[in-house]
Trainee: 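Below are the structure tokens for one structure; questions will follow.
What you see is a predicted model, and the numbers here were worked out from it, not measured in a lab. Order of the sequence lines sets the chain letters (A, B, ...), proteins ahead of strands, with each chain counted from 1.
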Amino acid sequence: MMEDLWGVAVGVFQLWMFMVVFLIMLPAMCGLSLGVTGVYIQVLVKILEWATGRIQRGRQEQPSVPVPLPNGIIERAGGSMEEEMEQLRGGQSLAAGEFALSDAFYFCKRGLESIVDDQVTQRFSSEELASWNLLTRTNQNFRYISLRLTIIWVVGVVVRYGVLFPLRITLAIIGLSWLVIGTVLVGFLPESSLKHWLSELIHLTCYRICARGLSATIHYHNKENRPQKGGICVANHTSPIDVVILANDGCYAMVGQIHGGLMGVIQRSMVRSCPHVWFERSEMKDRHTVTSRLRAHVAAKTKLPILIFPEGTCINNTSVMMFKKGSFEIGGTIYPVSIKYDPRFGDAFWNSSKYNMVSYLLRMMTSWAIVVNVWYLPPMTLQEDEDATQFASRVKSAIALKGGLLDLEWDGGLKRQKVKDSYKEEQQKMYSSIIVGQNGHSPTKESDPSTEDTGATGRDS
Amino acid sequence: MGSSSSRINSIPDAQQLMQETGFSAAHIVRLHERFESLDTERRGELSQETVNFASFVRILAHFRPAERSRGSRGGAQQELANCTSRKLQFAFQLYDQDRDGKISREELLQVLRAMLGIQVTEEQLQSIVERAIQEADLDGDDAISFDEFKKSLAKVNVDHKMSTGFLR
């Protein structure tokens, strides 16, 4: 009896592996697709559209369900400090250069707006959807709207956790082991074009298998602008999966810190077959070391393009935050890439304060799918009249524009750090130039030239 | 995660706050989320001022756009936090920190210092304050009372300028 069960189990397992290998792995390695994922996505879209309609009808019928506010709680008025102050003073022009009691209203209102909802904090939590996408995690009491909706949701849970999840885990394990074994084997070969070709093949196939392991549908646009050897590829950062997404279409030299554990094993084996740039933790602190190593890599024009995420941290894919200028000081051509995930099928943002890497990957593997658009932008180089910071800003704006993301100047590091005092001083400077005039000369007759040095605070960048 | 309707029930005094302030249930839920994310140490209150969630909502209620007064509301309209006179009172208290009903020279100096920082000299600050008091102080007591405050803001559209665009 036990042997029968065992035999059955082995048989099922063999069938399972057969299916996985021949229907998913091999086509993936060759870059072909059987079209199953495409059909799956289309079916999903139909279901989600139906669900959206049903929810809207349900809301009208059941007014007790509170309507969520997906676009934030407040709408900010625009207007610079000067415009607002003028309006506050009843249209009197500001040339009078005097203080009015109503000036405080401006600061009060702006301050309260920021307390209620600021532009930075909301970037570090998942994007909210206008309607439910039938995932448990984004549920807001919608499942009680109708029986059919509940049933579909339950079926969804069963399919995602029972069918898709085991499949994806299998693929992920196969893919990663393939990467480790393959790169170690290739590492034994002497330097030759054969080695490079094999190494690229191994990397590509592994990433393709991993992409299947996430049911990722990736649309690449403008492939003619793909990053070339000896260049630097920069992209906006949403999650560790960005690497898999980009590496499906080309080989990159990764840059990063050496970790311990499983990641470390993968990193160490990868570097045997082609030159990635891994740093020890101590080296990361020293900007000079980092820059010179990257520069050396880029200067050898035959090496693979470096992949860098200049934001330095994961943002929730609704906006692009300040690019750190370090990557733009290396020299070489910059190939900007814009990545935009479709939030209906799964939330790709890694909220590192809430989830660790393993729970994040598990969440990814139990979403519907990952659907992502990748735009390759035309290469950019440092112009004569700009410095690294301006160049970084220019690239950032191009990426934000292409991906339909909001372009913010704020530093992603504000996720963990306190705001610097220099920001407050900037506001004070602006206000003082309204009240007191540009040169620190008060129009109320201050003849003292020693007021020149009032604006002496420097800004640390 | 979690359903909205059970979330509104888990917020203390939610119904009462909604009545008092006129915020909708969705607003209260949102504000509670925001309060919790600002309260990183989980003390149930913000900053050294010990602002708890109820006070947080009440203060923000001042900034709801003023509603058109409806005849049937009558006297009840005066009680709402976002009517014009309450907004003006709130603004007055920004300056009058010791709540003695008058904005003294020292209080005005403090506020200006906060807005200007080290960008202006002490003499400039003093002269600005001097002029402001001279202009607004009508009864010559060297301080600005609430009525004088109101008069000097006669041209300002308080409803508009002291309102945040809360989405419906």
Trainee: Below 4.5 Å from any heavy atom of chain A, which atoms of B:Phe35 appear? Answer side chain, backbone, both or neither.
Mentor: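 Contact with chain A involves no heavy atom of B:Phe35 at all.
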Trainee: Please find the pair of heavy atoms, one from A:Glu113 and one from B:Thr164, that lie closest to each other, and give the distance.
Mentor: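 Looks like CG-CG2, 3.5 Å.
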Trainee: Determine the minimum heavy-atom distance between A:Leu101 and B:Tyr95, stating which atoms define it.
Mentor: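 The answer is O-OH, 2.6 Å.
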Trainee: About how many Å separate NE2 of B:His62 and CG of A:Leu112, when rounded to the nearest 0.5 Å?
Mentor: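 Answer rounded to 0.5 Å: 10.5 Å.
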Trainee: For B:Ala154, which atoms come within 4.5 Å of any heavy atom of chain A: side chain, backbone, both, or neither?
Mentor: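 Answer is neither: B:Ala154 stays 4.5 Å or more from chain A.
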Trainee: Is it the case that the side chain of A:Gln427 and the backbone of B:Met115 share a donor-acceptor pair, with hydrogens and angles ignored and the cut-off at 3.5 Å?
Mentor: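 Pair absent, no side-chain N/O of A:Gln427 close to backbone of B:Met115.
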Trainee: Look up atom NZ in A:Lys429 and atom CD1 in B:Ile118, then write down how far apart they are to the nearest 0.5 Å.
Mentor: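 A:Lys429 atom NZ to B:Ile118 atom CD1 measures 9.0 Å (nearest 0.5 Å).
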Trainee: Counting only heavy atoms closer than 4.5 Å, note whether A:Ser125 contacts chain B via side chain, backbone, both or neither.
Mentor: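 Nothing of A:Ser125, per the 4.5 Å heavy-atom cut-off to chain B.
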Trainee: Tell me the closest heavy-atom pair linking B:Gln119 and A:Ser432, and the distance in Å.
Mentor: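 Minimum heavy-atom contact is CB-OG, 3.5 Å.
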Trainee: So B:Leu94 and A:Phe107, do their side chains get closer than 4.5 Å, heavy atoms only?
Mentor: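 A side-chain contact is absent here, since even the closest heavy-atom pair is not under 4.5 Å.
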Trainee: What pair of heavy atoms forms the shortest contact from A:Ile115 to B:Leu38, and how long is it?
Mentor: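 For A:Ile115 and B:Leu38, the tightest heavy-atom pair comes out as O-CD1, 3.7 Å.
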Trainee: How close do A:Asp118 and B:Arg34 get, counting heavy atoms only, and between which atoms?
Mentor: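 In terms of heavy atoms, the two residues are closest at OD2-NH2, 2.6 Å.
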Trainee: Measuring only between side-chain heavy atoms, which start at C-beta, is B:Leu60 closer than 4.5 Å to A:Val116?
Mentor: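 The answer is yes; the side chains approach within 4.5 Å.
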